[in-house]
Amino acid sequence: MNRHFPDAEPITGWRVFVRRLAYERAVQWSDLTETAATFVVLRIETASGCAGAAEVAVKPTWVGATAASLVCALAEMFEPLVRGHKLSDPRQLRTVLDAIPGNQPAKTLIDNACWDWLGARTGVPLWRRMQGRAQVPVSWAVTRQPPAAMAREAADMIARHGFRTLKIKGGQGMALDLACLDAVRQAVGDGVALYVDANGAYSAADAAGYASALSRAGAVMVEDPCAFVPDQGYTALQQSVNVPLLVDFGMTGVRDAHLFLERGARALSLKPGRFGLSDALQMRQLAQAANATAVAGLMGESALGTWAGLQFAAALPPAAVPAELTWFLAMREQMLEDVPVVVQGAIAMPDWPSVCERIDWAAMADVEVTR
């Protein structure tokens, strides 16, 4: 049921937290090994008492910031800017944030907290406002390990959660990537779709051969086989292979999404946890207009960030590759009790309107940043 408030409200509350969440095991990404993930969390509140919250997973090689640098940017640049404007539509405030160049993590954090605030203010979950699906199909990402270990993990996660799609992390060398793909296929059978993310590990000259080899081995999509640039080389590469090349790291915002689509991109990885929901929605519209697949991509989210990403994923058209929003399953602890539950490879969307109200803020007191 909609609630009635003034058209725009000043932001009266602004709290920042830094929290680390331990993994079940050490995780080998393409550029670092982690035993825990670090998050910066923002909670905003307006004069009516409505509040919203969001997180950013802080990995310098992913977002260009540390927890300390992000906290500093929020305090010195963005809190004074935001407090000078009233909040109604998050997209309007996003244009204010964009007056400061760069600083994508800070903008993402504020933008997503404002969207969560909108859910609290209206009493309607965002996925319902966007006429999204009540069930969101999801996938699991099998990170870099020896082939036998990746195969065991893949089989275990399918047995436990019913995933029908797996993302296989590559970039360990073509022969080893193919061996991992084959081992996983042998472990899970032919009824599970597989695709590979090489995290730009290979040269542009090798990318076509790599993607073609993976396609012949059964991969339905190949993500970032090399570092992508929206130029003629990308167009030629996509035209030379039979599978969609999923664009991720080379796309830093709406402008890049537009450029890649102009160059014939068939699939984009859209991440509210990287771009913010306002920009992710614009990118979705561009992808739909170009008849390209939009994938809700992984950004290392905890359960808190997962719920925000799922609001967006619920409003995406059905695609061959489901949302990658299950990384919270790799963590031994969370910041809220309402952890998403994966049943038969899908997550049911909640009817509560705001993730902020599901967080135990008293338990977060010890990790609040004070000045």
Original post:
Is the ring centre of W29 less than 6.0 Å from the ring centre of W327?
Top reply: yes

Original post:
Under 3.5 Å, side chain of R284 to main-chain N/O of A313, donor-acceptor pair present?
Top reply: no

Subject >> Side chains of D177 and Y202, donor plus acceptor under 3.5 Å >> reply: yes

**OP:** May I ask you to decide whether E34 forms a salt bridge with K59, counting only side-chain N to carboxylate O separations under 4.0 Å?
**Re:** yes

Original post:
Do D256 and M283 have side chains that get closer than 4.5 Å, going by heavy atoms?
Top reply: no

**OP:** Go through T306 and S302 one step at a time and tell me if the side-chain contact (heavy atoms from CB on, under 4.5 Å) criterion holds.
**Re:** CA-CA 6 Å; T306 296; S302 77; 6.0 Å; no

Original post:
With distance as the sole test, does T326 use its side chain to make a donor-acceptor pair with the main-chain N or O of S139 at under 3.5 Å?
Top reply: yes

Subject >> Donor-acceptor contact below 3.5 Å, side chain R83 vs main chain I11 >> reply: yes

Original post:
Under the side-chain contact (heavy atoms from CB on, under 4.5 Å) criterion, do W140 and E153 qualify, and how do the steps go?
Top reply: CA-CA 10 Å; W140 172 250; E153 180 180 315; 2.8 Å; yes

Original post:
Got V82 and L97 here, is their nearest side-chain heavy-atom distance under 4.5 Å?
Top reply: yes

Original post:
Taking NZ, NE, NH1 and NH2 as the nitrogens, is one of them in D111 or R91 under 4.0 Å from a carboxylate oxygen of the other?
Top reply: no

Subject >> R255 side chain to L259 backbone, donor-acceptor under 3.5 Å >> reply: no

Original post:
When rounded to the nearest 0.5 angstrom, what is the spacing between SG in C226 and CG in D206?
Top reply: 9.5 Å

Original post:
Is the backbone of L298 close enough, under 3.5 Å, to the side chain of E324 for a donor and an acceptor to pair up by distance?
Top reply: yes

**OP:** Apply salt bridge (Lys or Arg N to Asp or Glu O under 4.0 Å) to K86 and D7, showing your working.
**Re:** CA-CA 9 Å; K86 291 185 177 181; D7 289 340; over 6 Å; no

Original post:
Quick one: does V27's side chain get under 4.5 Å of T33's, heavy atoms only?
Top reply: no

**OP:** Please work out whether the ring planes of W361 and F17 are parallel, tilted or perpendicular, with thresholds of 30° and 60°.
**Re:** tilted

Subject >> Side-chain heavy atoms of M221 within contact of V321, under 4.5 Å >> reply: yes

**OP:** Answer yes if the ring centres of W14 and F78 are under 6.0 angstrom apart, and no otherwise.
**Re:** no

Original post:
Say you draw a straight line from NZ of K271 to CD of E301; how long is it, rounded to the nearest 0.5 Å?
Top reply: 8.0 Å

Original post:
Say you draw a straight line from OG of S269 to CG of D224; how long is it, rounded to the nearest 0.5 Å?
Top reply: 8.0 Å

**OP:** Apply side-chain contact (heavy atoms from CB on, under 4.5 Å) to the pair V342 and V138, showing each step before the final yes or no.
**Re:** CA-CA 8 Å; V342 183; V138 289; 3.9 Å; yes

Subject >> Any donor-acceptor N/O pair, S240 side chain to L237 backbone, under 3.5 Å >> reply: yes

Original post:
Below 4.5 Å, heavy atoms only, C-beta onward: do L268 and V247 meet side chain to side chain?
Top reply: yes

Subject >> N112 side-chain N/O to L277 backbone N/O, donor-acceptor pair under 3.5 Å >> reply: yes

Original post:
Between W307 and W127, is the ring centre distance below 6.0 Å?
Top reply: no

Original post:
Are any side-chain N or O atoms of T122 and backbone N or O atoms of L118, one a donor and one an acceptor, separated by less than 3.5 Å?
Top reply: yes

Subject >> Heavy-atom donor-acceptor pair, R144 side chain to G170 backbone, under 3.5 Å >> reply: yes

Subject >> Face-on cation placement of R274 at W62 ring, 6.0 Å and 45° thresholds >> reply: no

Original post:
Do the side-chain N and O atoms of Q92 and S88 include a donor-acceptor pair separated by under 3.5 angstrom?
Top reply: yes

Subject >> Test side-chain contact (heavy atoms from CB on, under 4.5 Å) applied to K169 and N199, step by step >> reply: CA-CA 8 Å; K169 284 289 190 176; N199 290 113; 3.4 Å; yes

Subject >> Student check: side-chain heavy atoms of T252 and Q104 closer than 4.5 Å >> reply: no

**OP:** For H161, look at atom NE2 and say whether over 12 heavy atoms of other residues, nucleotides or ligands are found less than 6.0 Å away.
**Re:** yes

Original post:
Nearest 0.5 Å, what's the NE2-CD distance between H258 and E262?
Top reply: 3.5 Å

Subject >> Under 3.5 Å side-chain donor-acceptor pair for E9 and S48 >> reply: yes

**OP:** State whether E223 and K167 are salt-bridged, where the test is any N-O pair (Lys NZ or Arg NE/NH1/NH2 against Asp/Glu carboxylate O) under 4.0 Å.
**Re:** yes

**OP:** In plain terms, say whether D231 and R263 are close enough for a salt bridge, that is, a side-chain N and a carboxylate O under 4.0 Å apart.
**Re:** no

Original post:
Taking only residues two or more places apart in sequence or in another chain, which ones pass side chain to side chain contact (heavy atoms under 4.5 Å, CB included) with A113?
Top reply: L42, I44, A54

Original post:
D116 and S354: side-chain hydrogen bond (donor to acceptor under 3.5 Å, both in side chains), yes or no, with the steps?
Top reply: CA-CA 5 Å; D116 192 54; S354 164; 2.9 Å; yes

Original post:
So do D351 and R128 actually touch side chain to side chain, heavy atoms under 4.5 Å?
Top reply: yes

Original post:
Would a 4.5 Å heavy-atom cut-off, applied to side chains only, mark V241 and Q238 as touching?
Top reply: yes

Original post:
Which side chain to side chain donor-acceptor pair (under 3.5 Å) pairs, counting each pair once, include a residue from residues 331-345, with sequence neighbours left out?
Top reply: D338-R358

**OP:** Give a yes or no answer on whether the side chain of R43 reaches the backbone of V16 with a donor-acceptor pair at less than 3.5 Å.
**Re:** no

Original post:
Taking 4.0 angstrom as the limit, do R94 and D89 come out as a salt bridge?
Top reply: no

**OP:** Could you tell me whether the side chains of Q28 and Q145 share a donor-acceptor contact shorter than 3.5 Å?
**Re:** no

